[in-house]
Amino acid sequence: MIDAKKRDKNAVIDTHKYNKVKIDKSLRGRKYFVRTYGCQMNEHDGEKIKGILESEGLIETENIEEARVVILNTCAIRENAHDKVFGYLGLVKKLKETNNILLGICGCMAQEESVIDLIRDKYPYVDFVFGTHNIDDMIKVINESVKTNKQTIEVYSILGNICEGIPEKKDSNISAWVDIMLGCDKFCTYCIVPYTRGTQRSRKYEDVIEEVISLKEKGYKEVTLLGQNVNAYGKDLYKDYNLANLLRDVSKTGIERIRFVTSHPWDFTDEMIDAIAQCPNVMPYIHLPLQSGSNRILKLMNRSYTKEEYLTLYKKMRDKIKNVTITTDIIVGFPGETEEDFNETLNVVNECKFDGAYTFIFSPRVGTPAAKLKDETPLREKEERLYKLNEIVNKYSNESNQRLVGTVQKCLVTGISEKDSSKYCGYTETMKLVNILSDEDITGKIVDVKIDEAKSFSLNGIKI
């Protein structure tokens, strides 16, 4: 980790335009299948992969058996993500025996040396591999595999590399992801992201604003500004321009809703809180990972803040931002976590009463410092802690939702509800999922909804 931290000392941001490369003519007009695992950054990368393929004449299919090109866009954050990918490879291998499939792997797993070695040794039927730093070279990698009929692996890490203008096929025509920065320099001891995504590098604010304006002109209602540690935006590029400035400038574009994920408490400033509170189209929803309520464990995690500092920040947000919703991430069973440490986490959860939380059992990642820490806590005990934590988290989530019963909420409607096809689904300004009864098609609109029922993870309401 100490060696990796030195990598960005002389990094220079290299912003270049996407250089279109023609795909091998044998693939033009064929169908492709992309399966994405993991976070919003991966989902957005998936949109870029699809955009590049479609710009070369390929056609998306949701049926893998129809595909000529299959790409697995992978995640490395937890062990089960690895297991899912390698498990799925078995299915694709069987299809390759009967179908002429060109199989590729990309994403965060592809940036792990141990994974590349495993693919070389045990998965020779994987035709090509590229990483998170060279999505723009994807066609070149595919062409090389087709030309040589050999496994082609091209994975590298360019410290300050940013490619603008990569074509995208958006998953939605209502809400869009917008990268504002790539990589991360925080080096939490449990996290593989700084190694797979590389050094922190911010996009120029002019390019971000131009992209948001373009999306607004195309009819998009909402953008979510993306970064591994989004509130560190600009620290590597500007002396006096940061996320607070960017939020205000994006707000001036007039797009109806602005969100951002994911934040690190270390970089969350008072100026950012003021920008959220003062800009009406910046939504009052903040995802603020806690990870642990124990200062001892936070130090082992290299989180660079204390429980007390987190609570001070949390209270500022609650005090300054009207109707704010705050969600979090929490890891249980970090190596060396005692029952006392865990109880300190529960104390923070009881004090904050989060509107929601993503909770996980610690998953060791090869190459991270935490993977080398002594861990004597039995899995069963970790599972019991997770169960206890989730009971409390779900209680507060339900209470948060119950407070909205009888109120009118502005909801951006994204489509038909997955659980009830007679209803639409949408999100409140505070990112609450709402199933909406309506006599008319309200997809893509921001409508007033009277909330008449609340559950732990969703709301029901009627369009008024």
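We use all heavy atoms of the structure for the numbers below, so side chains are in, but hydrogens, waters and symmetry mates are not.
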### Task
To the nearest 0.5 angstrom, please state how far the OH atom of Y205 sits from the OH atom of Y241.
6.0 Å

### Task
Count the heavy atoms belonging to other residues, nucleotides or ligands that lie under 6.0 Å from CD of E79, then report whether that count exceeds 12.
yes

### Query
Does T338 offer a backbone N or O that forms a donor-acceptor pair with the side chain of D341 under 3.5 Å?
yes

### Residues R197 and D45 bridged, charged N to O under 4.0 Å
yes

### Task
For side-chain contact (heavy atoms from CB on, under 4.5 Å), just list the numbers for I71 and C106, CA-CA rounded to whole Å, side-chain angles, deciding distance to a tenth of an Å, and then say yes or no.
CA-CA 7 Å; I71 297 177; C106 66; 3.8 Å; yes

### Task
Would you tell me whether E344 and N295 have side-chain atoms, one donor and one acceptor, within less than 3.5 Å of each other?
no

### Task
Check each of D240, D267, D185 against K235 using the salt bridge (charged side-chain N to carboxylate O under 4.0 Å, His left out) test, and report the only one that passes.
D267

### Message
To the closest 0.5 Å, what do you measure between CE (M181) and OG1 (T199)?
### Response
9.0 Å

### Ring geometry between Y88 and F33 (parallel below 30°, tilted from 30 to 60°, perpendicular above 60°)
parallel

### Query
Taking it one step at a time, do I192 and Y195 satisfy side-chain contact (heavy atoms from CB on, under 4.5 Å)?
CA-CA 6 Å; I192 196 71; Y195 308 93; 4.2 Å; yes

### Message
Take a 6.0 Å sphere around NZ of K299 and say whether it holds more than 12 heavy atoms from other residues, nucleotides or ligands.
### Response
no

### Query
What closest approach, in Å, do A76 and T196 show between heavy atoms, and which atom pair accounts for it?
CB-CG2, 4.5 Å

### Query
Any salt bridge between D236 and R201, counting N to O under 4.0 Å?
no

### Task
Count the heavy atoms of every other residue, nucleotide or ligand shown that sit under 6.0 Å from OH of Y156, and state whether that count exceeds 12.
yes

### Query
Above 12 or not: heavy atoms from other molecules or residues under 6.0 Å from NZ of K186?
yes

### Message
Looking at K221 and I174, would you say the former's side chain and the latter's main chain have a donor-acceptor pair under 3.5 Å?
### Response
no

### Under 3.5 Å donor-acceptor, N161 side chain and H133 backbone
yes

### Query
Picking from E43, E56, E60, what satisfies salt bridge (charged side-chain N to carboxylate O under 4.0 Å, His left out) with K50?
E60

### Message
For the backbone of N350 and the side chain of K353, can you confirm whether one donor and one acceptor N or O come within less than 3.5 Å of each other?
### Response
yes

### Query
Between E168 and K170, is there a salt bridge with N-O shorter than 4.0 Å?
yes

#### Entry: K204/E164 ion pair, N-O < 4.0 Å
no

### Message
With side-chain contact (heavy atoms from CB on, under 4.5 Å) as the criterion, how do L182 and M41 come out once you've worked through the C-alpha distance, each side chain's angles and the decisive distance to 0.1 Å?
### Response
CA-CA 9 Å; L182 307 171; M41 296 292 291; 4.0 Å; yes

## Note on the structure
side chain to side chain contact (heavy atoms under 4.5 Å, CB included) test vs V129 passes for just one of L103, V155, V115, L72, namely V155

### Task
Measure the CG-OG distance between L412 and S175 for me, rounded to the nearest 0.5 Å.
6.5 Å

### Task
Can you measure from CD1 (I153) to CZ (F130) and round to the nearest 0.5 angstrom?
12.5 Å

### Query
Regarding E66 and T61, is there a side-chain donor-to-acceptor distance under 3.5 Å anywhere?
yes

### Message
Quick test of your reading of the model: are E381 and R385 salt-bridged, counting only N-O distances below 4.0 Å?
### Response
yes

### Task
Please step through ring-ring contact (aromatic ring centres under 6.0 Å, His included) for the pair F86 and Y123, ending with a clear verdict.
CA-CA 9 Å; F86 285 118; Y123 297 88; 5.1 Å; yes

### Message
Looking at every heavy atom in both R203 and Y238, which two are closest together, and how far apart are they?
### Response
O-OH, 4.4 Å

### Task
State whether the side chain of N281 and the backbone N or O of I258 hold a donor-acceptor pair below 3.5 Å, judged by distance alone.
no

### Query
Among side-chain atoms of H44 and E47, is any donor-acceptor pair under 3.5 angstrom?
yes

### Query
With a cut-off of 6.0 Å (strictly less than), are more than 12 heavy atoms of other residues, nucleotides or ligands near CD of E210?
no

### Task
Establish, yes or no, whether a centroid distance under 6.0 Å links the rings of F354 and Y396.
no

### Task
Assess whether atom CD of E97 is packed by more than 12 heavy atoms of other residues, nucleotides or ligands within 6.0 Å.
yes

### Query
Of all heavy-atom pairs between E154 and N134, which one has the smallest distance, and what is that distance?
O-ND2, 2.9 Å

### Smallest separation among heavy atoms of L247 and V282, with atom names
O-CG2, 4.2 Å

### Whether R68 side chain and N100 backbone form a donor-acceptor pair below 3.5 Å
yes

### Query
Is there a donor-acceptor pair closer than 3.5 Å between any side-chain N or O of E337 and the backbone N or O of I297?
no

### Task
Answer yes or no: does atom CD of E206 have more than 12 heavy-atom neighbours from other residues, nucleotides or ligands under 6.0 Å?
yes

#### Entry: Exceeds 12 heavy-atom contacts within 6.0 angstrom, atom OH of Y125
yes

### Task
For the residue pair K432 and S400, confirm or rule out a side-chain donor-acceptor distance under 3.5 Å.
yes

### Message
Quick one: does any side-chain atom of N99 pair with a main-chain N or O of E65 as donor and acceptor, under 3.5 Å?
### Response
yes

### Query
Does the pair R380/E384 count as a salt bridge with the N-to-O cut at 4.0 Å?
yes

### Query
Hey, what do you get for CG (D179) to CD (Q228), rounding to the nearest 0.5 Å?
9.5 Å

### Taking every non-hydrogen atom, the tightest pair across I321 and A277
CG1-CB, 4.2 Å

## Note on the structure
Here the pair of heavy atoms bringing L373 nearest to P335 is CB-CB, 3.6 Å

### Query
Does D355 come within less than 4.0 Å of R318, counting only side-chain N to carboxylate O?
yes

#### Entry: D270 and K316 ion-paired at < 4.0 Å
yes

### Message
Please check: side-chain N/O of T327 versus main-chain N/O of G356, any donor-acceptor pairing under 3.5 Å?
### Response
no

### Query
Taking Y305 as the fixed residue, which of E309, K307, R303 is the one that meets the side-chain hydrogen bond (donor to acceptor under 3.5 Å, both in side chains) rule?
R303

### Message
Checking S292 against S294: is there a side-chain donor and acceptor pair closer than 3.5 Å?
### Response
no

#### Entry: Distance in Å, S397 OG paired with I392 CD1, rounded so as to fall on 0.5 Å steps
13.5 Å

